[in-house]
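Working notes for the structure below.
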Amino acid sequence: SAVPQSASSPTETFTAGAKIPLKMKAWVYEDFGDVNVLRLDETVSVPEIRDDQVLIKVIAAALNPVDYKRRQGWFKATDSPFPIVPGYDVAGVVVKVGSKVKILKEGDEVYGDINEAGLNNPKQFGSLAEYTAVEEKLLAIKPANFDFPSAAGLPLAIETAYEGLERAGFSSGKSILVLGGAGGVGSHAIQLAKHVYGASKVAATSSTGKLELLKSLGADFAIDYTKENFEELPEKFDVVYDAVGLEEKAAKAVKEDGVVVAIVGPVSPPGFFFVLTADGAYLTKLAPFLENGKIKPLNDPKSPFPFSKVVDAFIYLETGRATGKVIIFPI
Ligand code: NDP
């Protein structure tokens with residue numbers, strides 16, 4: 001049958017044989033607050049794309065702590081207007097491309113963190129929706145060996161782990177202590193330090209039940225924070241990557257010329273706090289390590305949560321006990 005390949009009317013678009021609807025299902029909130037502000041709306045307009053953006057049919061998404069901090073109003077001074085569709089991490093299929101998009105094309109399987117500056121004017125229409133509009137530069141081609149749910153869990157966490165290690169000047173032969181090794185960011189900080197940078201020694205912290213997991217990710221030794229105070233150990237590290245928010249204790253565990261990477265709160269120099277600048281190029285750079293299995297996704301065993309159960313997924317993430325990523329699939 002003859003399917004129009006380009007816009008056929010101002011209100012309807014057809015692409016690669018699949019019709020893009022005008023309205024979609026999306027999770028929205030119109031007030032800051034707890035999970036009760038979340039509502040599944042079936043009549044949200046499918047976002048328009050700008051010249052530098054593609055429209056993605058979302059297949060899987062993942063939650064990050066920033067999603068609930070944002071929903072609680074932590075960043076209200078710089079947030080987008082209501083109604084807000086939350087969601088940073090996405091994996092899906094390109095169904096439409098803007099006129100200035102250079103490489104991506106319809107049908108490409110992509111993933112990424114859709115907010116370049118996560119706390120400053122994050123997108124009003126995020127990834128917890130059937131469609132989302134994203135700048136090409138924030139996306140990368142999904143590694144073929146990853147399914148959509150696993151890909152969705154990577155971008156924000158692995159990009160943060162990577163940018164922090166780069167900023168710290170981490171390199172082969174250095175030692176590192178990762179606080180929060182079983183979380184989204186920490187699990188990637190361990191893997192990257194060990195398998196990409198060639199750390200001389202990787203230590204990491206978690207509660208008792210997750211110590212073996214830390215070792216399987218590449219930790220040479222795992223510290224049970226319910227039994228030991230890492231800051232009192234005689235061994236000091238070139239880098240302490242603090243993904244928990246223990247900046248003062250972290251500063252006690254670095255060598256004299258070492259550096260604390262802080263992502264939760266401020267830390268005194270030479271430690272530094274930073275906020276991720278999302279970039280699809282990070283994912284492309286790491287693609288060889290994802291494709292050869294050196295770096296593995298870590299999806300929480302309670303996930304994926306189906307799209308209808310996003311509230312349960314948030315409640316679970318907000319316990320602070322998730323192991324790796326909380327995935328939303330299918331969407
Ligand atoms: P997660 O929700 O994935 O972290 C959950 C994990 O944290 C659990 O496995 C838990 O393990 C572990 N954990 C909790 N408390 C401790 C503790 N005292 N010691 C060791 N481990 C602990 O979070 P993310 O990794 O996604 O994010 C971590 C933090 O970093 C968040 O505050 C987030 O907002 C922030 N962040 C900041 C970014 C930035 O750009 N600045 C970017 C990304 C995240 P257990 O059950 O064993 O306690």
Side-chain angles (χ1 to χ4, degrees), residues 61-72 74-75 78 86-89 113-120 122 152-168 177-192 203-217 219 222-231 233 240-250 253 260-267 271-279 282 297-303 313-327:
L63 300 186
N64 288 279
V66 69
D67 284 300
Y68 67 74
K69 293 179 180 177
R70 179 187 182 193
R71 196 202 63 226
Q72 291 166 352
W74 290 34
F75 317 118
T78 53
Y88 286 61
D89 275 332
D113 167 1
I114 70 169
N115 290 310
E116 183 172 19
L119 312 183
N120 192 7
L154 283 166
L156 194 152
I158 201 169
E159 290 177 32
T160 303
Y162 181 68
E163 185 174 332
L165 291 169
E166 284 292 294
R167 283 177 181 249
L177 168 63
V178 178
L179 305 180
V185 176
S187 61
H188 286 299
I190 294 171
Q191 294 189 80
L192 292 173
T205 63
S206 74
S207 58
T208 315
K210 296 175 179 174
L211 300 171
E212 286 310 311
L213 169 72
L214 302 186
K215 289 187 186 154
S216 75
L217 294 170
I223 301 165
D224 183 342
Y225 72 75
T226 70
K227 300 196 174 127
E228 279 186 289
N229 295 322
F230 67 84
E231 73 278 13
L233 296 176
V240 177
Y241 197 119
D242 178 10
V244 176
L246 301 168
E247 295 84 7
E248 279 182 27
K249 290 180 179 174
V260 175
V261 180
I263 61 169
V264 179
V267 61
F272 62 89
F273 167 82
F274 80 103
V275 176
L276 168 67
T277 303
D279 190 346
Y282 289 158
L298 178 61
N299 297 342
D300 185 276
K302 288 204 174 59
S303 66
F314 267 108
I315 290 170
Y316 179 55
L317 179 73
E318 290 175 41
T319 64
R321 297 278 86 82
T323 302
K325 300 304 302 180
V326 174
I327 309 291

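Whatever order the structure lists ligands and atoms in, that order sets their numbers, starting from 1. All residue numbers in this chain count up from 1 along the given sequence.
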For [atom], grab the closest protein heavy atom and report residue, atom and distance to one decimal in Å.
atom	value
atom 3 (O) of ligand 1	G184 N, 2.8 Å
atom 47 (O) of ligand 1	S207 OG, 2.5 Å
atom 4 (O) of ligand 1	G183 CA, 3.6 Å
atom 46 (O) of ligand 1	K210 NZ, 2.6 Å
atom 14 (C) of ligand 1	R321 NH2, 3.1 Å

Between [X] and ligand 1, is there a nitrogen or oxygen pair with a distance under 3.5 Å?
X	result
G181	no
I263	yes
Y225	yes
T160	no
V185	yes

Which of the numbered atoms in ligand 1 are under 4.0 angstrom from any heavy atom belonging to [X]?
X	value
K69	31 (C), 32 (O), 33 (C), 34 (O)
V264	29 (C), 30 (O), 32 (O)
G180	20 (C), 21 (N)
A322	5 (C), 6 (C), 8 (C), 9 (O)
L276	39 (C), 40 (O)
A243	28 (C), 29 (C)
L317	2 (O)
P65	2 (O), 23 (O), 24 (P), 26 (O), 27 (O), 31 (C), 33 (C), 34 (O)

request  = May I ask you to identify, for L156, whether its side chain, its backbone, both or neither come under 4.0 Å of ligand 1 on a heavy-atom basis?
outcome  =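 Side chain only; the backbone of L156 stays clear of ligand 1.
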request  = Quick one: look at V244 and ligand 1, take heavy-atom pairs under 4.0 Å, and tell me if it's side chain, backbone, both or neither.
outcome  =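 Contact part for V244 vs ligand 1: side chain (C-beta onward).
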task = Ignoring hydrogens and angles, state whether a donor on the side chain of D224 or T208 is under 3.5 Å from an acceptor on the partner side chain.
result =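 Distance-only check passes for D224 and T208.
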request  = Please work out which of S206, A161, G320 has its closest non-hydrogen atom nearest to atom 12 (C) of ligand 1.
outcome  =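 When every heavy atom of S206, A161, G320 is considered, G320 comes closest to atom 12 (C) of ligand 1.
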How close do [X] and [Y] get, counting heavy atoms only, and between which atoms?
X	Y	answer
P266	E247	O-CG, 3.3 Å
D113	E159	N-OE2, 4.2 Å
S206	A182	CB-CB, 4.5 Å
A262	V267	CB-CG1, 3.7 Å
L179	A250	CD1-CB, 4.0 Å
G181	A204	CA-CB, 4.4 Å

query = Do other residues, nucleotides or ligands put more than 12 heavy atoms under 6.0 Å from E166 CD?
reply =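 Yes.
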key: Heavy-atom neighbours of K302 NZ exceed 12 at 6.0 Å   =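 Count not over threshold, so no.
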task = Check L276, V185, D242, V275 against I263 for a side chain to side chain contact (heavy atoms under 4.5 Å, CB included) and give me the one that passes.
result =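 Only one of L276, V185, D242, V275 forms a side chain to side chain contact (heavy atoms under 4.5 Å, CB included) with I263, namely V185.
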task = Working to the nearest 0.5 Å, report the span between CG of L298 and CD of Q191.
result =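 Answer rounded to 0.5 Å: 7.5 Å.
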inquiry  = Do Y241 and I190 have side chains that approach each other closer than 4.5 Å (heavy atoms only, starting at C-beta)?
reply    =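 SC-SC contact between Y241 and I190 ruled out.
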ask   = Is there side-chain contact between V264 and L246, with heavy atoms separated by less than 4.5 Å?
value =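 The answer is no; the side chains never approach within 4.5 Å.
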